[in-house]
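The next block holds one structure in the form of structure tokens; read it before the comments.
For ligands, and for the atoms within them, numbers begin at 1 and follow the listed sequence. Positions are given from 1, in the same order as the sequence printed here.
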Amino acid sequence: MGAQQPPRALFLTGFMGAGKTTVGRALAARLGWRFWDLDEQVERQAGRSVAEIFREAGETAFRTAENAAVGALLQEVAQFATVAALGGGTLSQPLNAQRLRQVRAAWVFLDAPLEVLRQRCQPMAAQRPLFADEAAFRRLYAARLAHYRSASLHVNTAGKTPEEVAAEIAVALRLDALGETGRR
Ligand code: S3P
């Protein structure tokens with residue numbers, strides 16, 4: 001991301017419970033950008049929830065729907081300044097990572113201690129098909145970490161409100177001054 005070339009998109013990555021959706025919403029509101037949630041797009045396209053897709057059609061079907069949602073996201077990004085919350089496993093599919101990396105985007109890894117991530121996921125466990133016992137949760141997190149860490153900005157969200165995290169990102173990436181029009 002060169003100094004002359006402000007990002008056209010902001011991609012939030014990280015494990016489940018990291019706050020990608022809530023922070024993404026707050027950040028988009030702050031910047032006046034569009035907000036795009038990849039899981040929501042999958043659900044809209046499929047006409048059922050992520051949990052239902054996993055239950056009724058399996059993870060492979062979910063990953064196929066997620067690929068399609070990445071395609072739709074790329075179309076959105078081509079037209080509008082967009083903050084996008086990716087799914088926790090989106091970057092684990094090489095094709096998704098490859099396509100998303102072609103965009104002039106800023107990448108942010110939202111993180112928190114594993115125990116905090118687990119506590120945040122617990123109340124909505126039924127909606128999170130990959131939320132499992134602690135050992136499996138830890139293993140999946142470890143397997144994903146290299147993908148998340150490839151983001152240029154890492155933010156610990158523990159103990160912070162979504163608005164505080166959004167402010168931290170906007171300041172770190174100097175995005176507040178860009179506004180809607182100054183971005184391309
Ligand atoms: C997944 C994370 C979920 C959702 C799906 C798969 C994953 O998104 O995409 O359940 O593979 O880690 P969140 O990270 O928003 O919970």
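The shortest heavy-atom contact between R120 and G17 is NH1-O, 2.8 Å.
For R144 (side chain) and G88 (main-chain N/O), a donor-acceptor pair under 3.5 Å exists by modelled atom type. Between the side chain of T157 and the backbone N or O of D111, at least one donor-acceptor pair lies under 3.5 Å.
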Atom pairs and distances, ligand 1 N/O vs protein N/O under 3.5 Å:
residue: ligand 1; atom: 8 (O); partner: D39; partner atom: OD2; Å: 2.8
residue: ligand 1; atom: 9 (O); partner: D39; partner atom: OD1; Å: 2.7
residue: ligand 1; atom: 9 (O); partner: D39; partner atom: OD2; Å: 3.1
residue: ligand 1; atom: 11 (O); partner: R63; partner atom: NH2; Å: 2.7
residue: ligand 1; atom: 11 (O); partner: G89; partner atom: N; Å: 3.4
residue: ligand 1; atom: 11 (O); partner: R144; partner atom: NH2; Å: 2.9
residue: ligand 1; atom: 12 (O); partner: G89; partner atom: N; Å: 3.4
residue: ligand 1; atom: 12 (O); partner: R144; partner atom: NH1; Å: 2.8
residue: ligand 1; atom: 14 (O); partner: K20; partner atom: NZ; Å: 2.7
residue: ligand 1; atom: 14 (O); partner: G88; partner atom: N; Å: 2.9
residue: ligand 1; atom: 15 (O); partner: D39; partner atom: OD2; Å: 3.3
residue: ligand 1; atom: 16 (O); partner: R128; partner atom: NE; Å: 3.2

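Around atom CZ of R101, more than 12 heavy atoms belonging to other residues, nucleotides or ligands sit under 6.0 Å away.
For residues 15-29, every residue pair satisfying the side-chain hydrogen bond (donor to acceptor under 3.5 Å, both in side chains) rule, not counting sequence neighbours, is listed here: T21-D37, R25-E40.
Atom CG of residue L95 and atom CG of residue L100 lie 9.0 Å apart, to the nearest 0.5 angstrom.
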